[in-house]
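To start, the structure itself, in structure tokens.
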Amino acid sequence: MKLLSIFFAALASANIQDLSIRAQGLNPAVEAIQFLNLGYTGYYFDVKKLEYDGSCKCEQESLVHKFNGTNAPYDEQLSVHFRGPLTLHGFAFYSGDDYVRGSSSSGSFSRVSYFNASEQQSHNLTFLTNAGDDSKCLGKALTYASSNGTGSSNSPSLLEKNNLIHSDDEYSIWSNTTCEKSGLDNDCGVYRKDIPALHGFAGATKLFLFEFEMPTEDRKNNSNIFYDMPAIWLLNAKIPRTSQYASNSDCSCWASGCGEYDIFEIMNSTESSHLYSTIHGYQGTGNINLGIQAPGHFERDLKNTMKGGVVFDSSGNAYSFLLNSTTLSDSIDAKELDQWINTEEEVTNPMASVTLTTSQKKSEGIVPKSSLMSLIVSLFSFVMYI
Ligand SMILES: *[C@@H]1O[C@H](CO)[C@@H](O)[C@H](O)[C@H]1NC(C)=O
Ligand SMILES: *[C@@H]1O[C@H](CO)[C@@H](O)[C@H](O)[C@H]1NC(C)=O
Ligand SMILES: *[C@@H]1O[C@H](CO)[C@@H](O)[C@H](O)[C@H]1NC(C)=O
Ligand SMILES: *[C@@H]1O[C@H](CO)[C@@H](O)[C@H](O)[C@H]1NC(C)=O
Ligand SMILES: *[C@@H]1O[C@H](CO)[C@@H](O)[C@H](O)[C@H]1NC(C)=O
Ligand SMILES: *[C@@H]1O[C@H](CO)[C@@H](O)[C@H](O)[C@H]1NC(C)=O
Ligand SMILES: *[C@@H]1O[C@H](CO)[C@@H](O)[C@H](O)[C@H]1NC(C)=O
Ligand SMILES: *[C@@H]1O[C@H](CO)[C@@H](O)[C@H](O)[C@H]1NC(C)=O
């Protein structure tokens, strides 16, 4: 059992460079990756007004949206995103009561949302995709996905049994709880007017499980941006409800750090069988584009079904794992989960030091409104279990 661990702590007030942990030359194949001490006191900017035309002058709220606590901001509503080549056999979302990995907690996770492709069975979830009205500023709007995952539909559909999607194709999974009307103070904030607006999956202690295939792309590269680069990831649900691919970063809360967690992601075609886990936020880094990527990877199995997921525990730790022992049963108790993410053999690496900078790092034209925004880290240590 190989488990890779990343620890980050938020302390004093200084901005931070991205952490070049790869310089250590470590990139082992692992079955679990953990981000320890996840969650911090910080803030991001909510979108106040969306613009649909080419001028793309979206406005952000000037009062910051503050967050704090265990796993924050990943305790907020998250939507679940998929990119091909990928076939989804099953998905499950669980709410947990009290689970701290490795502490023999007595808690358990109960399944709140579920999809089973072969049985064409689902509970409390909705498939959406970016196939709606096109806007020069915001890109295509979310719509209900048709049964192939990428077409648009007027009503909710279940993903069909053989649901292979191809390079660049994406869809997302949401709960089936409808948002209140669009508005800063409402449950879903401001959102695009022409979408089915649904809740994501909220809560500090939660678990997402997947059963899927990521076969080699069998089509030619048709100018694909992500040719043969499948991924499964989580976004703060406010991002796609405003705009996932806007031409102005003010049109979503992404650049200001409301949260993205990449669970299984192919980063480039040089490493087309390495699935990485990355957090894009301001915890541990001032560079949200790079984020914090674990210096280890999961092996993409091109032939077999893969199983795994991510758990956010009650004391601020997140574990991505790719394990054959994963089952999407209706209840999973803490001890069972502990057995999956087994940490018997543990090797601790020396602490890696971090370069502190005094100014906010600009990245790809995205300039956060305030230097306060970037989090603030003074310590980074790196642990590896083999
Ligand atoms: C933490 O956030 C909650 C809302 O989620 C808020 O009620 C509370 O005041 C915040 N606490 C601090 C110390 O900022
Ligand atoms: C789908 O349901 C069948 C029959 O209950 C079960 O054997 C299979 O494991 C389920 N698949 C997933 C991904 O949960
Ligand atoms: C949401 O899911 C519940 C439970 O599966 C179901 O009873 C309800 O009709 C669904 N609502 C919508 C809007 O799809
Ligand atoms: C997916 O379904 C939509 C309609 O529901 C259709 O227009 C589209 O061609 C389909 N895509 C593929 C790749 O079959
Ligand atoms: C459906 O999912 C939402 C969001 O995760 C949750 O709040 C709600 O309790 C669920 N409803 C049912 C009937 O499971
Ligand atoms: C696929 O095509 C695009 C556009 O021509 C190119 O940028 C990309 O590098 C190609 N990918 C691969 C893996 O060949
Ligand atoms: C591919 O992605 C990995 C992980 O982010 C990175 O270490 C590597 O340098 C990338 N390779 C290329 C050629 O960009
Ligand atoms: C997981 O199961 C697949 C077959 O579905 C097998 O090829 C693979 O070796 C297994 N992985 C491990 C680590 O046992």
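Ligands are counted one by one from 1 in listed order, and the atoms in each one are counted from 1 as well. Computed from heavy atoms alone, side chains included, the values below leave out hydrogens, waters and symmetry copies. In this text the structure is predicted, and so the values were computed from the model without any measurement.
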> Under 3.5 Å, is there a donor-acceptor pair linking the side chains of H297 and E271?
Replying inline: no

>> Only heavy atoms of T177, strictly under 4.0 Å: list the atoms of ligand 5 that pass.
In response: 3 (C)

>> With heavy-atom distances below 4.5 Å as the criterion, would you say the side chains of Y191 and K238 are in contact?
In response: no

> Which ligand 7 atoms are under 4.0 Å away from a heavy-atom of M267?
Replying inline: 2 (O), 4 (C), 5 (O)

>> A cation-pi test, strictly: NZ or CZ of R241 under 6.0 Å from the centre of the six-membered ring of W174 and no more than 45 degrees from its axis. Yes or no?
In response: no

>> For F93, does the six-membered ring have the charged nitrogen or CZ of R111 within the cation-pi criterion, i.e. under 6.0 angstrom from the centroid and within 45° of the normal?
In response: no

> Within 45° of the ring axis of Y99 and under 6.0 Å from its six-membered ring centre, is that where the NZ or CZ of K206 lies?
Replying inline: no

> More than 12 non-hydrogen atoms from neighbouring residues, nucleotides or ligands closer than 6.0 Å to CG on N154, yes or no?
Replying inline: no

>> For the 3.5 Å polar cut-off, considering only N or O atoms, please tell me whether T270 and ligand 7 meet it.
In response: no

> Does the pair D194/R192 count as a salt bridge with the N-to-O cut at 4.0 Å?
Replying inline: yes

>> Tell me the contacting part of Q293 for ligand 7: side chain, backbone, both, or neither, using a 4.0 Å heavy-atom threshold, strictly below.
In response: side chain

>> Test of understanding: given a 4.0 Å heavy-atom threshold, classify the contact between H123 and ligand 5 as side chain, backbone, both, or neither.
In response: side chain

> Backbone or side chain, does any N or O of N124 fall under 3.5 Å from an N or O of ligand 5?
Replying inline: yes

> N268 heavy atoms, cut-off 4.0 Å: which ligand 7 atoms fall inside?
Replying inline: 1 (C), 2 (O), 3 (C), 8 (C), 10 (C), 11 (N), 12 (C), 14 (O)

Please tabulate protein-ligand N/O pairs under 3.5 Å for ligand 8, atom names and distances to 0.1 Å.
unit_1, atom_1, unit_2, atom_2, d
ligand 8, 2 (O), N324, OD1, 3.3
ligand 8, 2 (O), N324, ND2, 2.3
ligand 8, 7 (O), N304, ND2, 3.2
ligand 8, 11 (N), N324, ND2, 2.9
ligand 8, 14 (O), N324, ND2, 3.4

> With a cut-off of 4.0 Å, which atoms of ligand 7 are near a heavy atom of Y276?
Replying inline: 3 (C), 4 (C)

> Is the distance between the SG atoms of C56 and C251 less than 2.5 Å?
Replying inline: no

>> With heavy-atom distances below 4.0 Å as the criterion, list the atoms of ligand 7 near E271.
In response: 1 (C), 3 (C), 6 (C), 7 (O), 8 (C)

> For ligand 5, is Q77 a contact, meaning one of its heavy atoms is under 4.0 Å away?
Replying inline: no

>> Working to the nearest 0.5 angstrom, can you tell me the gap between N68 CG and Y40 OH?
In response: 11.5 Å

> Is the F212-F264 ring centre distance short of 6.0 angstrom?
Replying inline: yes

> How about S273 and E299: does a side-chain donor come under 3.5 Å of a side-chain acceptor?
Replying inline: yes

